[in-house]
A.B. asks: 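One structure coming up, written as structure tokens, with questions to follow.
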Amino acid sequence: MTITDIFQETTMALGTNKVRSGLTMLGIVIGISSVIAMVSIGQGAQGAIQSSIQGLGSNLLTIIPGILQPGRGIVSSGRGAAQTLKNDDVSALRSVQGVASVSPELNRRFQITSSAGNNTNSTVIGVSPEYLTVRNVTIENGSFITDLHFNSLSRVAVLGPTAAQDLFGDADPIGKTIRINQMNVQIIGVLQAKGSAGFFNPDDTVFVPLTMMQRILAGVDYLSTIAVSVEHKDLMPQVKDEATSVLAAKHRVDPQNPDFSIVSQSDILGTLTAVTNTFTIFLASIAGISLLVGGIGIMNMMLTTVTERTREIGLRKAIGAKKRDITQQFLAEAVTLTFLGGAIGILLGWMISLAVSRFANIATNVSFSSVAMAFGVSAAIGIIFGYYPARRAASLNPIAALRYE
Amino acid sequence: MLDCRDLKKIYTNGGEETVVLKGISLSIKKSEFVAIMGPSGSGKSTLMHILGCLDTPTSGTYTIDGQDASKLSDEALADIRVKKIGFVFQAFNLLPRATVLRNVMLPLVYARLAPDKREELAKQALRAAAFPEEFWHHRSNQLSGGMMQRVAIARALVNNPAMILADEPTGNLDTKTGETVLAAFQKLHREQGRTIILITHEPYIAKHAERILYLRDGNLVRDEPSSL
């Protein structure tokens, strides 16, 4: 049989029972489209997290007090308890080869009220002017905290866009006053929006000079984070090692077992990628079950078809069809069903993912690899679930098949 | 051309043996028109299956066109069927949704003939089976019984077989239509010298052949020229 013969036989056979073929194909369509849609949601989430983490500053090392428990990951590390990072650690870090700038930070949540009468509970971060470059943030309006503000413990603040919106609505907050912990602070600037990083919203923050934060607002002398930007991405491991030994020497602790942790953006990214991968696999495997059910539907239909067409198979064998011819014919029917179902499923899944990103505002991403995988899987399902019925057809005894009523 | 020596066929069913053919020897020459007659259970269907290379005998030899077909594998039997045998069945067994031409071309597909050569051979076969040209592109389920059987005859002819095996070809037709189908067989026999084996249980149909073989209880009991 040539390819054309097989194609003609297949269209004729599937056309004979359009409704049945369509319904069977629907099983594959639903399976493939849900796999495509689910994977696109998972990959979209991953892409969004990656880009917002990169937006937080690339080439960034974050030093936090305390030790990360192995296995507990970075995301859930409860910091703030340890008080081992001090102001003079910053100058020690500045001397490390490859460090571009160092941003010491202290954050705390406070209840904040505005002169407009609104109030919000936001994160207040005490920062130095380096924060701007290290953390990759941009001023939308006004100015950021300067060296002058830093040195003179000025009672000024820069608002993140969400905090600005919460406190002042659409009014321009610059020059207005807010009260943090019963202390008046003047707004000097507003930042551009960065978008949520998934677990922490960097836009819902209020920035004040670190010196003022430590001595007046919080009354402490330690830091909650030191962010270090590195000159080049390739220097990251080297700077991380160097910084570890410098800080360990300064804190007089064993470098193998320090009282602080250094986390790079790639570590955070790695953890979050692992989380979203698990999430994607979870979604895809649920969708995969429906694909499996679709495959069983194909097998069921093909077995029915073989029984119904027993006489036809007997005739074909009587006039000289070999086992191979019959196997090919029925396998081609199954594969055509799953292949068509796969193609329609990919289109449908793609439309679902577009609809999800449009109406539910969730980032989605239909990747080439998931489309290729869906095609491969649907063809494989056709072969796997079509093979048994096809072999059964091919092994029919022509005499018995011709007699079959 | 066709030679059987002491053909036996024994079916075993649950340890119980049923002897269907008890040692049949016969030979059929090229261009003969032979009818095989016998009541139900006489073994004529089993004999036809062996002659048609759909089955192999338990013992004995069967040669067709010089080739021993008594101990071949299924695939080798399929090869002989596609080259040397044309079948006509009682129930026509056409592909209902395919056109007449496509039905006739089907054996050529399995003979692995190039697609561009098939149509011409199919048209020749349809002409030889006296099938009217205006119905060539009709679907076979739109035809009458007599027409369907002529499509089946054309299909049996198309690969230029050594013999045509017709199993009760008029069984599903009324007497008048049956006559036209039998006439088509006679025409093929007279004009093209085809070897035709007709299996039937009706004496008046057997009379259309030149020679009649009678089977009873698995034995060949009579072998005589037709009285017609």
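In what follows, chains carry the letters A, B, and so on, assigned in the order in which the sequence lines appear, proteins first and then strands, with residues in each chain numbered from 1.
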A.B. asks: Just give me the residue among B/Leu77, B/Val82, B/Ile85 that pairs up with chain A most often, heavy atom to heavy atom, under 4.5 Å.
C.D. replies: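 The option with the most such pairs is B/Val82.
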
A.B. asks: Is any side-chain heavy atom of B/Phe92 closer than 4.5 Å to a side-chain heavy atom of B/Ser140?
C.D. replies: no

A.B. asks: Heavy-atom distances under 4.5 Å only: say whether B/Leu54 touches chain A with side chain, backbone, both or neither.
C.D. replies: both

A.B. asks: Does the side chain of B/Arg118 reach to within under 4.5 Å of the side chain of A/Asp5, using non-hydrogen atoms?
C.D. replies: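 Of all side-chain heavy-atom pairs linking A/Asp5 with B/Arg118, at least one is under 4.5 Å.
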
A.B. asks: B/Arg102 versus A/Glu9: any side-chain heavy-atom pair under 4.5 Å?
C.D. replies: yes

A.B. asks: Can you tell which part of A/Arg309 gets under 4.5 Å to a heavy atom of chain B, answering side chain, backbone, both or neither?
C.D. replies: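 It is neither, since no heavy atom gets under 4.5 Å.
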
A.B. asks: What part of B/Pro115 lies closer than 4.5 angstrom to a heavy atom of chain A: side chain, backbone, both or neither?
C.D. replies: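 Looking at B/Pro115, just its side chain touches chain A.
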
A.B. asks: Have B/Asn103 and B/Arg139 got a donor and an acceptor in their side chains that come within less than 3.5 Å?
C.D. replies: no

A.B. asks: So for B/Ala98, is it side chain, backbone, both, or neither that comes closer than 4.5 Å to the heavy atoms of chain A?
C.D. replies: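 Both backbone and side chain of B/Ala98 come within 4.5 Å of chain A.
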
A.B. asks: Which bit of B/Asp79 comes within less than 4.5 Å of chain A, counting heavy atoms only: side chain, backbone, both or neither?
C.D. replies: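 Both the backbone and the side chain of B/Asp79 come within 4.5 Å of chain A.
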
A.B. asks: For chain B, find which of A/Arg324, A/Arg316, A/Glu312 contributes the most heavy-atom pairs closer than 4.5 angstrom.
C.D. replies: A/Arg316

A.B. asks: For residues B/Ala122 and B/Met105, report the shortest heavy-atom separation together with the two atoms involved.
C.D. replies: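 Distance-wise, the nearest heavy atoms are CB-CG, 3.5 Å.
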
A.B. asks: Check this for me, if you would: do B/Asp65 and B/Lys83 make a salt bridge, where the nitrogen-to-carboxylate-oxygen distance has to be below 4.0 angstrom?
C.D. replies: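 B/Lys83 and B/Asp65: not salt-bridged.
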
A.B. asks: If I measure from the heavy atoms of chain A, does B/Arg112 come under 4.5 Å with its side chain, its backbone, both, or neither?
C.D. replies: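 Side chain of B/Arg112 only, per the 4.5 Å heavy-atom cut-off to chain A.
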
A.B. asks: State plainly whether the residues B/Arg5 and B/Asp68 are in salt-bridge range, i.e. N to O under 4.0 Å.
C.D. replies: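 No salt bridge links B/Arg5 with B/Asp68.
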
A.B. asks: Just give me the residue among B/Leu95, B/Asn159, B/Leu94, B/Asp55 that pairs up with chain A most often, heavy atom to heavy atom, under 4.5 Å.
C.D. replies: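 Ranked by heavy-atom pairs under 4.5 Å with chain A, first place is B/Leu95.
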
